[in-house]
Number of protein chains: 2
Amino acid sequence: MGLPVRKNRTAPPPPTCALGECMNLLRPAWAANVVWYLGAAPRRFGELRRDLPSISARVLSARLRTLESQGVVERRAIDTSPPTSEYLLTDLGRELIPALRTIVAVGEQLKQRPPARPARHSR
Amino acid sequence: MGLPVRKNRTAPPPPTCALGECMNLLRPAWAANVVWYLGAAPRRFGELRRDLPSISARVLSARLRTLESQGVVERRAIDTSPPTSEYLLTDLGRELIPALRTIVAVGEQLKQRPPARPARHSR
DNA sequence: CTGAATCCAGTCGGATACTG
DNA sequence: CAGTATCCGACTGGATTCAG
């Protein structure tokens, strides 16, 4: 995972900047959406599946585990019958919400823009 | 491009939310970095290549064209000899900078965190 | 319900070579 | 310098199946 790395690099690897660190978390499909929905309220696995109608269980599971391992999401096993679990953002994870809010705002404008022209050069 | 779409969906497609719209722009490799560097100052193609030491010309070119087509980046041909060009953020593109700043802040903390444990469940 | 495992098609992006 | 074209391996993520 992570930014693709050149194999035949003749120069030392670039100083992995902090922007890439965090984008690596948000890049995979649905990752940002999962954080976004967890920002609204703690949620269980099945709830997230309904929030994100077309996500597959495999991917949701993978996202949650990665986000958890990075300290963005916390999982709480609830000892009921049958056993359930819920996920919530950590303090670190909550820091992402304002950023995502801004990104949503840009997204809104993108949706209302004239259809994107191809933008070719020097033809 | 865009979020993967299920083929065998029995329910109507989810309302493509604005978060996904914008993340689609930032998701491809180096895209956020390109915006970030352009936020600091207008830059030429070659300058960006030096800013992002391990990006390939092919990918940089592709990112710039996509960002331009979406109205986030503007290209200005400078009629010198030899002809050069420079890229800069549009007003819309500049809206992303505060968001990226927040993301960088989270990235800083991620770098200083204890090494991510695998996080497997119910073993 | 909450996941994990397997399979596999489609995409992404690096390497390389070439043009104006 | 500022890109574009082609080739191709690696990775992503959907579908499906199975388990606790």
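We name chains A, B, ... by the order of the sequence lines, and we start the count at 1 in each one.
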A/L25 atom CG is separated from D/dT12 atom P, nearest whole Å, by 13 Å
Here the distance between atom C1' of C/dC1 and atom CZ of A/R43, to the nearest Å, is 17 Å
Between B/P83 and A/P83, whichever has its closest DNA chain C nucleotide further toward 5' is A/P83
**Prompt:** Under 4.0 Å between a side-chain N or O of A/S56 and OP1 or OP2 of D/dG14?
**Reply:** yes
A/N24 CG to D/dC11 P, in whole Å, measures 14 Å
Atom CG of B/L48 and atom P of D/dA2 are separated, to the nearest Å, by 10 Å
Open item on the list: Closer than 3.5 angstrom, by distance alone: can the side chain of B/S61 be matched with the main-chain N or O of B/R58 as a donor-acceptor pair?
Closed with: no
Picking from C/dG13, D/dG13, D/dT4, the nucleotide nearest the side-chain atoms of A/R63 would be D/dG13
Task: Expected output: side-chain B/S85 to main-chain B/R76 donor-acceptor under 3.5 Å - done: no
Winner on side-chain proximity to A/P28, out of D/dG13, D/dG3, C/dG3, is D/dG13
From CG of B/L60 across to P of D/dG3 the rounded distance in Å is 8 Å
Verify the contact: side-chain N or O of A/R49 to OP1 or OP2 of C/dC1, cut-off strictly under 4.0 Å; return yes or no. no
Side-chain N or O of B/R75 versus OP1/OP2 of D/dG3: is the shortest distance under 4.0 Å?
yes
| message | Contact between B/V34 and B/Y87 at the side-chain level, heavy atoms closer than 4.5 Å - yes or no? | response | no
*Check whether any side-chain heavy atom of B/Y37 lies under 4.5 Å from a side-chain heavy atom of B/L48, and answer yes or no.*
yes
Checklist entry - Can you check whether A/T84 has a side-chain N or O nearer than 4.0 Å to OP1 or OP2 of C/dC1? => result no
Practice item. Could you tell me whether the phosphate oxygens of D/dG3, OP1 or OP2, come under 4.0 Å of any side-chain nitrogen or oxygen in B/R58? Key: no
Among D/dG3, C/dA4, D/dG13, the one nearest any side-chain atom of B/F45 is D/dG3
Separation of C/dC12 atom P from A/M23 atom CE, nearest Å, is 15 Å
Side-chain atoms of B/S61 come closest, of D/dT4, D/dC1, C/dC1, to D/dT4
B/W30 CH2 to C/dG14 C1', in whole Å, measures 11 Å
* Please answer: with hydrophobic residues joined when any side-chain heavy atoms are less than 4.5 Å apart, are A/L25 and A/L88 in the same cluster? => no
Separation of D/dT12 atom P from A/I55 atom CD1, nearest Å, is 15 Å
Below 4.0 angstrom from OP1 or OP2 of D/dG3, is there any side-chain N or O of B/S85? yes
